[in-house]
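Just so it is clear: chains get the letters A, B, ... in the order the sequence lines come, proteins before strands, and each one is counted from 1. Computed from a predicted structure; not experimentally measured.
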Number of protein chains: 2
Amino acid sequence: MTNTPTLEDVAARAGVSTATVSRCLNAPEKVIEPTRARVMAAVEALGYAPNFSARALAAKRTQTIGAVIPTMENAIFAEGLQAFQERLGEAGYMLLVASSSYDPAREAEAIRALVARGAEGLLLIGHDRDPAVIEFLATQSVPALVAWAHDAARPSIGFDNRAAMAALAARALDLGHRRIGVISAPRAGNDRARARVEGVRAAAGAAGLNPDDIPVIEAPYGIEAGGEAFDRLMETAAPSLVICGNDVLAAGALKRARDWRLSVPRDVSITGFDGIELSRLVTPALTTVHVPHRAMGVAAAEALMAACAGEGELASLCLKTEISDGETLAPPR
Amino acid sequence: MTNTPTLEDVAARAGVSTATVSRCLNAPEKVIEPTRARVMAAVEALGYAPNFSARALAAKRTQTIGAVIPTMENAIFAEGLQAFQERLGEAGYMLLVASSSYDPAREAEAIRALVARGAEGLLLIGHDRDPAVIEFLATQSVPALVAWAHDAARPSIGFDNRAAMAALAARALDLGHRRIGVISAPRAGNDRARARVEGVRAAAGAAGLNPDDIPVIEAPYGIEAGGEAFDRLMETAAPSLVICGNDVLAAGALKRARDWRLSVPRDVSITGFDGIELSRLVTPALTTVHVPHRAMGVAAAEALMAACAGEGELASLCLKTEISDGETLAPPR
DNA sequence: AATAGCAATGTAAGCGCTTACACAGCATCA
DNA sequence: TGATGCTGTGTAAGCGCTTACATTGCTATT
């Protein structure tokens, strides 16, 4: 086990001081050509790689931004996160990702871990969060931006989950649906899930239905869970329209509808939310709400980098969503 | 902007030395109860969070493992990576993820970045890699483990891509298919894609076909690309069986088959590879090769942690795959 | 020719933590 | 009672970098 070469090793080999080597690496224009060549040769020869921890400690900058997402397993965050990462990468920032498995305690732990690791800014999903965590971030003065949700009062880049879902529900109600069922992700600790259900309720109310009559089944993420929720809904309420809180649940419901030998959308309509690739792959393609994942990721990256550079505060941005027409929504029989 | 509290601040407030505070945090049993309580109270009161960089620098341990995957956007790596991360988390390790967008230069850059950030071990995908990178890892003595592929000679935990695909192709050939087309991910720099195509060729040869007659269309990841490749294949070769290098491409081909008004598997059979959730969601469900993603992730995590702890060298492990029966493979008409 | 001004480099003081070693206080044992 | 061993803490030396400031040797300017 050879000892990893340090700045000092490089300096010794190039016959210069450590300061010069450091400058060669961080501000090459401050070092005259022949010296630089000598240093670079030494760097190459030794296979030197700067120690990030030491650099971070000395310079107090890490060029790192962290993100805590509920899960990696689910395509819902993948596209936006990829765009977020690409934008950060272009600007020389690095992304640290952690996942919380939808568990607030784990999220808090991940946030602490990322901050301790030098994350200068944080991307978080949704607003539901222990105030202690918010306070921690404040005392550490780490800018945190929430994505996939919108709230004018708190820094966030996302969309209006409630309004978007209400628009979709209104469209369905216009077609004449009156028996509606909802399959939602667990609402505890998930403001987006709550807002979406609220959106359905609001639209129903506006259409003259009693929002409290609408059955809501909660199902954890996953195709299978969506299918089981569909079973329960059909057994009890037999709605003509099943509104799902996300595309994954909708895909599960759609699959299960086939098992019930129900034709979609003739016998039952099913809608999703998120507009991930999956929604266009299932047969029939899902009618869903298209979310601007990439735009959100890019905007979040730029906002966070600006905040880290001290260029002003984090603001809120509400992006537009639109109904993505598929083939799973039609008038009731 | 309050200055983040340091160990020294905590020590001052608790009326002890910094060493004692450090011990409280890292080896509580070495500190007597009343002292510890005082220290912990100070930690709490100040909202102290240890500085990871300083700790890493002083202790020369980071409890961090890095992973470089081709893309986050694609479900193919998500499940295995999630399992990898969960296993690491249980053992108190943290995961740093970077993505390379299937670009060797970016992968090399990401590897350097992760090592500089203190990754004690690395999870990499596939064996194709610039020798300079391998050498870099060796000089830094960072154990690197390859996943999603297998090679007895180099540390890897995965499966035999060639044999797995050959088994699937053999099954199809047994059904009587003779006009075969392949849609593969780009093979340059991707040993897994190459091995899978080789598998098809080997099976074809064994069945008395000329492997060189089998058309292979390369398509980048993505549903759309899979569809376009399907177009080209049908226009030129009109095979009775389309073997796809992964489920995403297969899903794209399946979708496009519908546009061609071809019934699958009556008019054309289509197979995938990977066995991700998507394969069971599309209609009809894909016949594919099921890969033990979670087992692979867990095994990789354990192997890397053992190597980091100095408990022996990294070994290779070849996991079993199996054909996952769907409804897209049937005898030719 | 003396002076200022600048560019290239060196010197050395930390950044916040861990940990080997030193030390003090106390119980234990001959 | 004095030597012996613990145990709980403190002291201080780094870990590998960055960077303010000092130094040196030039070229311009007067």
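Between Thr35(A) and dT9(C) there is a side-chain N or O to OP1 or OP2 distance below 4.0 Å. Phosphate contact (OP1/OP2 of dT18(C), side-chain N/O of Asn26(B), threshold under 4.0 Å): present. Listed pair Lys60(B) / dG16(D) meets the phosphate criterion, a side-chain N or O lying under 4.0 Å from OP1 or OP2. For the OP1/OP2 pair of dT18(D) and a distance below 4.0 Å, the side-chain nitrogens and oxygens of Ser22(A) include at least one atom meeting the criterion.
When rounded to the nearest whole Å, the span between CZ of Arg61(B) and P of dC15(D) equals 17 Å. Arg55(B) places its CZ atom 8 Å from the C1' atom of dC17(C), with the value rounded to the nearest Å. In this structure, the CG atom of Leu7(A) is 15 Å from the C1' atom of dT11(C), given to the nearest Å. The distance from atom CD1 of Ile32(B) to atom C1' of dG8(D) is 7 Å, rounded to the nearest whole Å. Computed from coordinates, the Asp9(B) CG to dC15(C) C1' distance equals 13 Å when rounded to whole Å. Between Glu8(A) atom CD and dC17(D) atom C1' there is a gap of 11 Å when expressed in whole angstrom units. Whole-Å rounding puts the Arg38(B) CZ to dG8(D) C1' distance at 12 Å. Put simply, CG on Leu25(A) is 7 Å from P on dT18(D), counting in whole angstrom units.
Heavy atoms of Ala19(B) sit under 4.0 angstrom from at least one base atom. Residue-level contact check: Thr6(A) touches the backbone only, with heavy atoms under 4.0 Å from sugar-phosphate atoms and none from bases. Using a 4.0 Å heavy-atom cutoff across all strands shown, Phe52(A) reaches no nucleic acid atom at all. Within 4.0 Å of Ser53(A), counting heavy atoms only, lies no atom of the nucleic acid at all.
Remark: the Arg23(A) side chain and the dG10(C) base include a donor-acceptor N/O pair separated by less than 3.5 Å.
If you check dG16(C), dA12(C), dC15(C) against the side chain of Thr18(A), the one that comes closest is dA12(C).
Ring geometry for Phe77(A) against Trp148(A) counts as perpendicular: the plane angle is over 60°, on a 0 to 90° scale with 30° as the lower cut.
Remark: the backbone N or O of Ala138(B) is not paired with any side-chain donor or acceptor of Ser141(B) at under 3.5 angstrom. The backbone N or O of Thr62(A) sits less than 3.5 Å from a side-chain atom of Glu120(A), completing a donor-acceptor pair. Proximity of a side-chain donor or acceptor of Thr6(A) to a complementary backbone N or O of Glu8(A) within less than 3.5 Å is detected.
With values rounded to the nearest 0.5 angstrom, Leu95(A) atom CG is found 9.0 Å from Thr64(A) atom OG1. Atom CD of Glu79(B) and atom CE of Met72(A) lie 13.5 Å apart (nearest 0.5 Å). With values rounded to the nearest 0.5 angstrom, Asp9(A) atom CG is found 6.5 Å from Leu46(A) atom CG.
When the shell of 6.0 Å around CD of Glu44(A) is examined, it contains 12 or fewer heavy atoms from other residues, nucleotides or ligands.
Residue-to-nucleotide proximity on DNA chain D shows that, of Val16(B) and Ala54(A), the 5′-proximal contact is made by Val16(B).
Relative to the axis of its first five pairs, the axis of the last five pairs of the helix from dA1(C)-dT30(D) to dA30(C)-dT1(D) sits at 50°, rounded to 10 degrees.
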